[in-house]
Amino acid sequence: MIVVAVVHVLLALLLAPLLPGVINRTKAALAGRRGQPLLQAYFDLGKLLRKDVVYSTTTTWVFRAGPSAALAALLVALAIVPFANARALLAFPGDLLLFAYLLGLARFSLVTAALDTGSSFEGMGASREVTFSALAEPALLLGLVAMAREAGSVSLSDVYTRLAPVSLVEGGGPVLLLVAAAFGVVYLAENARIPFDDPNTHLELTMIHEVLILDHSGPDLAFLQYGAALKLWLLGSLAVGILIPLHGAPPVPAMLGGLAGMFLLAVVTGVIESTMARLRLVRVPQLLVGATLLSLLALLMVLA
Amino acid sequence: MPLLLASLGVLLLGGLVALAWPGHGRGSGRVAAGSVFAAAVLGIIPAIRVLAGGNVMTLDLPWEMPLGSLSIGLDGLSAFFIIPILLLGAIAALYGAAGLRDGGPRRTVATSWLMYNVLIAGMLLVVVARNGMLLLLAWELMSVASFFLVMFEDGRPEVRRAGRTYLIATHIGTAGLLVMFLLLGRGCDTLDFNAFRIGEGGPRLSGIIFLLAIVGFGTKAGFVPLHGWLPEAHPAAPSHVSAVMSGVMIKTGIYGLLRVLTFLGPPPPWFGWVLVGIGAVSGVYGVLFALAQHDLKRLLAYHSVENIGIIALGIGVGLLGRSHHLPVVAVLGFGGALLHVFNHALFKGLLFLAAGAVAHAAHTREIDSLGGLLRHMPVTGASFLVGAVAICGLPPLNGFVSEAMVYLAAFCAATSATGSFAVSGVVVITALALIGGLAAACFTKAFGIVFLGEPRSAAAADAGEVAPAMRVAMVILAAGCGVVGLCAPLLPGAAAEAIRVASGASPAEMQTSVTWVAGSLRLVVLGAGALLVTFLGMALARRRLLARRRVVSAPTWDCGYAAPTTRMQYTASSYAHPLTSLLGLSGWTRREITTPVGLFPKEAHLRTTTPDPVQDGIYAPVFAAIGRFLLRFRPLQGGMIQLYVLYIALTLLILLAWKLG
C-alpha cells in the first residue's frame, strides 16, 4: 500500500506542471491557435530556477521565506490527499483538517509575503485572496463533512477508498454529485481560474492571484508557480476522486484512470475558461456562497 | 497544598513590599515580578503533581464568615487553570517590570504592582475555592484589582470611561453569581461545594442555575452580548495587564462555568445548544468586529471574544456529547475547550505584549499609522508573527491542536450521531470554518500592515526595539507556542484529569478517547515535522540556487508610476473592506469625510470608526433610560441641610410607628 502511495506522490510531483499545459492547449485549440508547448510550464520552471533575483528594498525575510513556506505546506498536503481512491501516505482520523489548514498556511505565507512589498497592487490582491478564501473554506469543510458522514469516517483516505464505481449509482449518488460540484467551484476559486480570476492578466483591477506574486522573481517565482500547479493537482484530485471512483480496481489501472481523470479535469477547465467570462468581483461571493449551499444541501440529504 | 498556600502568601507579601519599595517604581516592578516568579514556581509544582497523579488535595479551615468553612481544594480542573494563570502572570510581570517604569508618578506604579499581585492571587483563589462565599470574595478581589489596573492612566478620559464600563459590567456578572450561589445552597445551610445537592431541585432549578452561571461567568468571559467591556478595558490597560486579563482572567469565567456544570449532574441537551449558540455567535461576531478595528489592542480584544466563542463551542458540543452518551465527543469537546484555554493564554498573551511593545516604540496603536516595523523591531515582529500564525489555528503551532480537537468533536457528532445532535456538529463546523477564514484575514492584516511595507508615519519610522526583558518575555511565549504545538500528542493525556472532571466521563471512556485522539495528534505532529523539514529543505535549495546568481535590490514595482509615497500603501481599512462590506458591517461603520474641493484642493480627510452595536444599540440606551429614571429622584437631594434633618426625623417617626403598631 505504501508503495502505491509513494508512487502517487511522485506522479503528482512529476506531472502537476502538465496540468496548466493541458489547460492552455485546450484554450488554444478552442480559440483556433496552436498554443504553447504542452511542457511550457516545465521550461518556465527550469528557466526561472536558473535566473537572477530582484528583491524590493522594502521587503524583509518574510518576503524571502514566503514562497518556500507556501510550497512546503503544499508538499505536505500532497501526502494527505488520496489519489485514484487509494490510501494516501499520511492518513489518520482528522487528516482532512490538517489538509484544509495546510492550504491555509500556504495562503497565509503568500499573503504576508505580498504585503511585505508595501505595494497597493499586492495589498489589493492579498485582500481579495483572503476574502474569497474565507468564503470558500465553509464550502470545502461542509462538503467534507457530508462525505465523512456518508463514509462513516473522518479521514480523507477512508472517505475516498470507500468510493467505488457503484457509489455513484447507489443511494448516496446525488450527495456525491452535489459535493463534487461544490468542490469543483472551490477548485476553480482556490486556483484563481475563470470565472473567479483570469490567470492570463496581472495588471488589471480585477486580479487576485497573479498580482500576489508580482514582485517575486527567479527561484522564488519558480517555487510559487510549481506550488500553483500542485494546488491544481490537490484540489483537482478531491473532485476527480468523487466523479471517477476507482476503488477496487488493481493499482496500475486505477492509477491510469486517476491520471486520465486529472487531465480530463484540466481539459474541462480549459473549456470553461474559453467559454465563460470572468465574473464581476461583486458576483464572486455569490458563487462561493452558492457552493457552500450545495455542500449544505448534500449534508442535509445525508443527515435526513 | 502547603506549596499552594505559600504561593498565595508570596504573592500578597510581594505586592506589599513592592508598594513600600523606595525609588521610582522600578524597584517595585522588580520586587513584584520576582515574587510572581517565586509564586509561579511554588504553585505550578502542586498543580503538575495533581494533573500527573490525580490526588485531589483539600483543606478545610473554620472561619468567621457564615455559610460554611474556608475550604480550598486542588483537583484536576483547578490545577489545569492554575498553570496558565501563574505562567502568563510571571512572564507578563517580567515584561511589565521593564515596560511600566516610565508610566507615571511613583505612587501609581507601586500601587499598580500591588494590584497586579492581588489580581494573580485573586485568580488563584477563584480556581481553588471550594466554598461559594470564598469564591465570591476572591472573584471580587480579582475584579476590583483588575479595575484599578485598567485605571492606571486615569488622567485620560477614555481610560476612565473604560474603567467605569468594566466596573459596571463585572458587577452585573457578580450579581448573577450571587443569586446563583444562593439557589445552589438552597436546602443546605452552607455554601461548601461538596454540600450542593442539585439533583433534588429538579430540572427547572438546574436550568435557572445554568442560565445564571452563563450570565455571571459569561460576563467575565466575554460571551456576546455580555462582551461590551472587553474592547473598552483591554486597550485602556497597560499591555502586560491586558495580556493577563485577556489571556487568563477572562478564562476564570470558563472555569466557573465548568465548575458549576459539575454540580448540575447529567446535562439536558439544551445546555449544550445554548453554549453552541453562544459560541457560534461570539466567535463570528468577535472576528468580524476585530476585522473592522484599526486600533491594534482593540482588535486583539475582539479576538478574545472570538476565542472565547471557540471555547464555548467546544464546551457546548462536549455537553451535547455527554447528554447523548457519546463519551468520545464529550472528551474531545471539553478537551479541545480546555486546551484552547491554555493555548489562548500563550498566544493572546504574546500578541498583547507585542502590541504593547509596538505602542511603546511607536507611541500609537493606530494600525494605519504604523508599517515597516519588522525591520526596526525584529524580535517583536517575529514574535507577533508566531502569535498570529498560532491564533489563526495554522499548523505546526499550538492553536491548530486545540481547534482541531473541537473540530474533531463536531465531526464525530456530525458523522456518527442522529437528529439534532448531528445538526449541532454541522453548526459548530460551519462556525469554525468561517472563524478560521476570517481570523486569517484579520491577522494577515494586523501583521502585514503593522510590521511589513513602509512606515506610514514618522513615529513608526523612528521606532526601535524594546527593552531586553520585554523581548525575552515575548520570545518565551513564542517558543511556548511552538513547543506546545510539537508536543501535541502529550496534551490530551496531560489534561486528562481536568477533562475527566469537566466532562464527567468514566476512566475507561477517558482512556479510549484520549488514546484515540493522541494517536491522531501523533500523526499531526508527524505532518508538522515533515512541514518543518520540507521548509528547511526548500530554504536550503533556494540558498544554493541563489549562491551562484546575482541578487539585486530595487524598489517595489510600482507599475510605472514614478513617485509613490508610503501613504499610498494599502491600509488596514482598505484591506478589510471587501469582507466587512460583504458581511454587512459597513452599516455600523461611521465615517467622517472632508472631501477635496476645487481644482487645487488643500485638504481631505476620512476617519472611520466601528463602534460596538451591542454596546451602542442595547446598553447605551438602557443605561441612559435608567439614568433618566433615577434623575426623577434628584429633587429629594436638594442640598438643604434642613431637608436632610427632616428625612431623618420622618424616618425615625415611621420606624416608631411601625414598632408601636
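Letters A, B, ... mirror the listed sequences (proteins, then strands); counts begin at 1.
For the pair B:Phe451/A:Thr60, no side-chain contact is recorded, criterion being any heavy-atom separation below 4.5 Å from C-beta on.
The distance from atom CD of B:Glu403 to atom OH of A:Tyr101, rounded to the nearest 0.5 Å, is 5.0 Å. From B:Arg542, atom CZ reaches atom CZ of A:Phe223 across 7.5 Å, with rounding to the nearest 0.5 Å. The distance from atom CG of A:Asp116 to atom CZ of B:Phe447, rounded to the nearest 0.5 Å, is 7.5 Å. Note that CZ of A:Arg64 is 9.5 Å distant from CG of B:Leu546, once rounded to the nearest 0.5 Å. Taken to the nearest 0.5 Å, the OG atom of A:Ser68 stands 10.0 Å off from the CG atom of B:Leu536.
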Given A:Phe92 and B:Leu521, is the side chain to side chain contact (heavy atoms under 4.5 Å, CB included) satisfied, shown in steps? CA-CA 9 Å; A:Phe92 55 92; B:Leu521 290 177; over 6 Å; no
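Contacts of A:Leu135 with chain B are made by side-chain atoms alone, with heavy-atom separations under 4.5 Å and no backbone atom involved. Contact annotation for B:Leu582: only side-chain heavy atoms (C-beta onward) come within less than 4.5 Å of a heavy atom of chain A. Using a 4.5 Å cut-off between heavy atoms, B:Ser416 touches chain A through its backbone atoms (N, CA, C, O) alone. Contacts between A:Asp220 and chain B at a heavy-atom distance below 4.5 Å involve the side chain alone, from C-beta outward. With a 4.5 Å cut-off on non-hydrogen atoms, B:Thr571 does not touch chain A at all. Interface remark: A:Val145 contributes backbone and side-chain atoms alike to the contact with chain B (heavy atom separation under 4.5 Å).
In this structure, B:Ser520 contributes its side chain and A:Pro93 its backbone to a donor-acceptor pair below 3.5 Å.
Highest contact tally toward chain B, considering only A:Ala77, A:Ala69, A:Ser153, A:Gly94, is held by A:Ala69 [criterion: heavy-atom pairs under 4.5 Å]. Chain A forms more heavy-atom pairs under 4.5 Å with one residue of B:Ala439, B:Gly393, B:Gly537 than with any other, namely B:Gly393. Between chain B and the residues A:Leu303, A:Leu296, A:Thr131, the most heavy-atom pairs under 4.5 angstrom are made by A:Thr131.
Contacts of residues 105-114 of chain A with chain B at a heavy-atom distance below 4.5 Å involve A:Leu105, A:Phe108, A:Val111, A:Thr112, listed in sequence order. Inspection of non-hydrogen atoms places A:Leu49, A:Arg50, A:Lys51, A:Asp52, A:Val53, A:Val54, A:Tyr55, A:Ser56, A:Thr57 of residues 47-57 of chain A under 4.5 Å from chain B.
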